[in-house]
Amino acid sequence: MSNTNPARGMRDFLPDQIRKRNYVIGVIKEVYEKYGFEPLETPSIENLSTLTNKYGEEGDQLMYKILKRGEKLKKQLRREDEVKEDDLADLALRYDLTVPLARVIANNRNELPRFFKRYQIQPVWRADRPARGRYREFYQCDVDAIGSKSIVVEVELISAVSEILNRLQFSDFEIRVNHRESLRKMVSEAGIGEEQTSDALVSLDKLDKIGAEGVYKELSARGIDQTAASAFLDSVNQESIPKELAELTRMIPQIKIDLSLARGLSYYTGAIFEMVLTKGDFAGSIAGGGRYDGLIGMFGKEEIPAVGLSLGLERILMIMEERDMFPDDLTTNAADVLVTIWNEETASDSLKLAGELRQNGLRVTIYPQPDKLGKQFKYADQIDVPFVCVLGESEIAENTVTLKNMKTGDQETLSVKEAIERLSDHFVTTDSK
RNA sequence: GCGGCUAUAGUUCAGUUGGUUAGAACGCCUGAUUGUGGUUCAGGAGGUCGAGGAUUCGAGUUCCUCUAGCCGCCCCA
């Protein structure tokens, strides 16, 4: 038998998983829209040149590149000099949603409002090694506000995400903020060279994971001398609030300043933030973002300020699964009622009944072929349908249906009208409120 | 990219120092029940033992290579 697994790091989503994903995505959309963000979608594939050199070296390596096609590919393969990876590819799968957004902004400057607030929930791809809660294809839920330097934007984004997390019943999250400017000062004041800035920040970011000693060791391993390393580490503990963060702290008092917060992406220029869960064993962040005033300018002449934030949907889902946080009434079955089929001749009666029930607002599935009733009941049980309408010869003759409650096992032969009323009482009134 | 563990039925797993026809549970199918599922009983189907090679009279079992999965590291959401 051939291998039937999806490609490595990719997943199939079965109906139950989709329901959970849709529930979370629904909450996210609802809150974002409540804050006045507009939906945006961009293509899965971008020109390779759009994506390269935006994420740092690591990012370029983790990008899925798409081979050139036809004559263009053959031409490269025929070349006698050394052919580089990027000569063979001209397209790539998007690596995040921020760079495509920057491209859209630069490309539609005239059509878009002066301040553009958008949300975007789409998959992105990274050729990374899969791990717990980490995949090669995964969804990002981004909100970004383009065009303003005001701190109001940061505040709005942080409140929106807080509201989402609250609505999803997360009670133990903490908002950590830092500022690229503060980090830059810490690095230079410690006497760490500019070329080692990113090394220093990557190590520092792990402070809460590996502790001060761990960071110190890593800094040394990366060739940063003792005095610089300890000065750098000490600067994390400074008491005073850096002036870059003073206003944000005043507006959202519950945020925690964390001078060890660095974040990997190189395009951030101002405030950076991260939402982390404080209980449980999961150490990673479930949302993160920051201000990137330079990125959009890379696509056009104008520098356009921007702040963005991304929710880690996969992590949120994973934790909600582990903590059993999905609401009980999350619909877990395909239909409210199953209509049976007695034989070939009565199939049209069953179809008609199903249609009538549907018109009355019920979710109805019809057993797809004539079969023994036992099998039809077994199937109803398997797909977790709470009611079955048996439409057999005698029911059709008397213009009735037999309605069975699968949970209690009770059943009753009723007129079609009564059956509809019975079922509507059960489902429709509560649903449409 | 580096290290460790694992790979046997649809699923979870057992399989003795290498020995005949590879087992269990659950699931699936059939029947007991020709108009009734979830319980019970009887029966049945389903395996190139991850792939390839080596050792051996003989390999699910030992060795090598590859592939995939899981757990760490690196990095990241």
Side-chain angles (χ1 to χ4, degrees), chain A residues 1-11 55-63 95-98 121-142 161 198-199 201-203 205-206 209-210 214 217-218 221-222 262-266 274-277 282-290 308-319 338 340-343 346 367 370-397 400-413:
Chain A
M1 192 172 63
S2 56
N3 178 18
T4 52
N5 288 329
R8 187 162 202 217
M10 311 280 168
R11 291 163 297 166
Y55 306 104
E57 203 181 314
E58 187 84 18
D60 285 355
Q61 276 174 7
L62 295 180
M63 209 176 293
Y95 184 83
D96 74 355
L97 302 177
T98 310
I121 304 172
Q122 287 192 282
V124 304
W125 291 269
R126 293 185 190 176
D128 207 352
R129 196 194 175 91
R132 189 172 102 107
R134 210 164 121 200
Y135 306 93
R136 288 180 163 177
E137 177 183 59
F138 61 97
Y139 276 71
Q140 285 195 327
C141 307
D142 277 29
V161 168
S198 74
D199 276 354
L201 294 184
V202 164
S203 303
D205 204 36
K206 293 180 212 162
K209 238 183 180 176
I210 60 176
K217 267 189 207 149
E218 240 192 80
R222 291 179 192 236
R263 294 190 61 74
L265 293 172
S266 51
E274 221 168 64
M275 279 76 193
V276 293
L277 297 176
F282 185 75
S285 61
I286 57 169
L309 200 147
S310 181
L311 276 162
L313 180 69
E314 312 299 345
R315 288 182 170 182
I316 288 174
L317 282 161
M318 182 185 88
I319 293 160
L338 178 135
T340 64
I341 294 189
W342 182 248
N343 60 31
T346 67
Y367 194 86
D371 220 331
K372 285 185 172 179
L373 267 188
K375 282 194 164 189
Q376 305 197 39
F377 274 101
K378 194 166 182 174
Y379 175 71
D381 186 52
Q382 193 181 24
I383 61 171
D384 223 12
V385 170
F387 286 92
V388 172
C389 274
V390 180
L391 199 60
E393 277 172 327
S394 49
E395 283 88 353
I396 291 167
T400 57
V401 297
T402 297
L403 181 63
K404 174 159 178 168
N405 181 326
M406 293 298 281
K407 216 169 239 154
T408 61
D410 299 339
Q411 69 175 47
E412 214 174 336
T413 301

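Every chain is numbered from 1, with letters handed out A, B, ... down the list of sequences. Heavy-atom basis, side chains included; hydrogens, waters and symmetry copies ignored.
Spacing between rU65(B) and rG46(B) at atom C1', rounded to whole Å, works out to 32 Å. Going from the P atom of rA45(B) to that of rU30(B) covers 15 Å, rounded to whole Å. As rounded to the nearest Å, rU6(B) and rG44(B) have C1' atoms that lie 33 Å from one another. Rounded to a whole angstrom, the distance from the C1' atom of rA51(B) to that of rU16(B) is 27 Å. A distance of about 29 Å separates the P atoms of rC74(B) and rC64(B), rounded to the whole Å. Distance check on atom C1': rU48(B) versus rC26(B) gives 25 Å, rounded to whole Å. Nucleotides rU8(B) and rG60(B) have their P atoms positioned 15 Å apart, rounded to a whole Å. Going from the C1' atom of rU12(B) to that of rA54(B) covers 33 Å, rounded to whole Å.
Separation of atoms NZ (Lys404(A)) and OG1 (Thr340(A)) is listed at 12.0 Å; rounding is to 0.5 Å. In this structure, Ile319(A) CD1 and Ile286(A) CD1 are separated by 6.0 Å, a value rounded to the nearest 0.5 Å.
Every side-chain hydrogen bond (donor to acceptor under 3.5 Å, both in side chains) that Glu137(A) has, sequence neighbours left out, goes to Trp125(A). Remark: Ser203(A) pairs with Val215(A), Glu218(A), Leu219(A), Arg222(A) by the side chain to side chain contact (heavy atoms under 4.5 Å, CB included) rule, at least two apart or across chains. For Pro370(A), the side chain to side chain contact (heavy atoms under 4.5 Å, CB included) partners at least two apart in sequence or on another chain are Ile341(A), Glu344(A). Considering only residues two or more places apart in sequence or on other chains, Glu412(A) meets the side-chain hydrogen bond (donor to acceptor under 3.5 Å, both in side chains) condition with Arg422(A). The side-chain hydrogen bond (donor to acceptor under 3.5 Å, both in side chains) test applied to Tyr135(A) returns no partner, not counting sequence neighbours. Applying the side chain to side chain contact (heavy atoms under 4.5 Å, CB included) test to Arg136(A) and every residue at least two apart in sequence or in another chain returns Arg8(A), Met10(A), Tyr64(A), Pro130(A). In terms of the side-chain hydrogen bond (donor to acceptor under 3.5 Å, both in side chains) criterion, residue partners of Asp128(A) (sequence neighbours excluded) are, by chain and number, Arg134(A). In terms of the side chain to side chain contact (heavy atoms under 4.5 Å, CB included) criterion, residue partners of Thr346(A) (sequence neighbours excluded) are, by chain and number, Trp342(A), Asn343(A), Asp349(A), Ile396(A).
Below the 3.5 angstrom threshold, one finds no donor paired with an acceptor across the side chain of Gln376(A) and the base of rU36(B). If you check distances only, the side chain of Asp381(A) never reaches the base of rG38(B) with a donor-acceptor pair under 3.5 Å.
Distances from the side chain of Phe377(A) to the nucleotides rA77(B), rG37(B), rG69(B) place rG37(B) closest.
In this structure, Asp205(A) atom CG and rA77(B) atom P are separated by 9 Å, rounded to whole Å. Across the protein-nucleic acid pair, Tyr95(A) atom OH and rC76(B) atom P stand 8 Å apart, rounded to whole Å. The CD1 atom of Ile121(A) sits 15 Å away from the C1' atom of rA77(B) (whole-angstrom rounding). To the nearest angstrom, C1' of rU34(B) lies 13 Å from CG of Asn343(A). As a whole-Å value, the separation of Glu274(A) CD from rC76(B) C1' is 11 Å. For the pair Glu395(A) CD and rU36(B) P, the interatomic distance rounds to 12 Å; values are reported in whole Å. Atom CH2 in Trp342(A) sits roughly 8 Å away from atom P in rU36(B) (whole-Å rounding). Rounded to whole Å, the distance from CD on Gln140(A) to P on rC76(B) is 14 Å.
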N/O donor to acceptor pairs below 3.5 angstrom from side-chain atoms of residues 377-393 of chain A, sequence neighbours left out:
none

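Both key distances under 3.5 Å define a Watson-Crick or G-U pair, and stretches of 3 or more such consecutive pairs in RNA chain B run B:1-7 with B:67-73, B:10-13 with B:23-26, B:28-32 with B:40-44, B:50-54 with B:62-66.
The closest side-chain donor-acceptor pair between Thr402(A) and Glu395(A) falls under 3.5 angstrom.
When heavy atoms are screened at a 4.0 angstrom cut-off, Gly409(A) is found touching base atoms of the nucleic acid. Nucleic acid contact class of Glu137(A) (heavy atoms, under 4.0 Å, all strands): none.
Along RNA chain B, the nucleotide closest to Val390(A) and the one closest to Tyr135(A) are compared, and the more 5′ of them pairs with Val390(A).
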Can you check nucleotides 26-33 of chain B for protein contacts, nitrogen or oxygen pairs under 3.5 Å, and list what you find?
from: rU30(B); atom 1: OP1; to: Lys375(A); atom 2: NZ; distance (Å): 2.6
from: rG31(B); atom 1: OP1; to: Lys372(A); atom 2: NZ; distance (Å): 3.0
from: rG31(B); atom 1: OP2; to: Lys372(A); atom 2: NZ; distance (Å): 3.3

Check: protein-nucleotides 72-74 of chain B nitrogen or oxygen pairs below 3.5 Å:
none

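Side chains of Arg126(A) and Asp96(A) form a contact here, defined as non-hydrogen atoms less than 4.5 Å apart.
The aromatic ring of Phe138(A) sits over the base of rA77(B), with ring centres less than 5.5 Å apart and planes tilted by under 30°.
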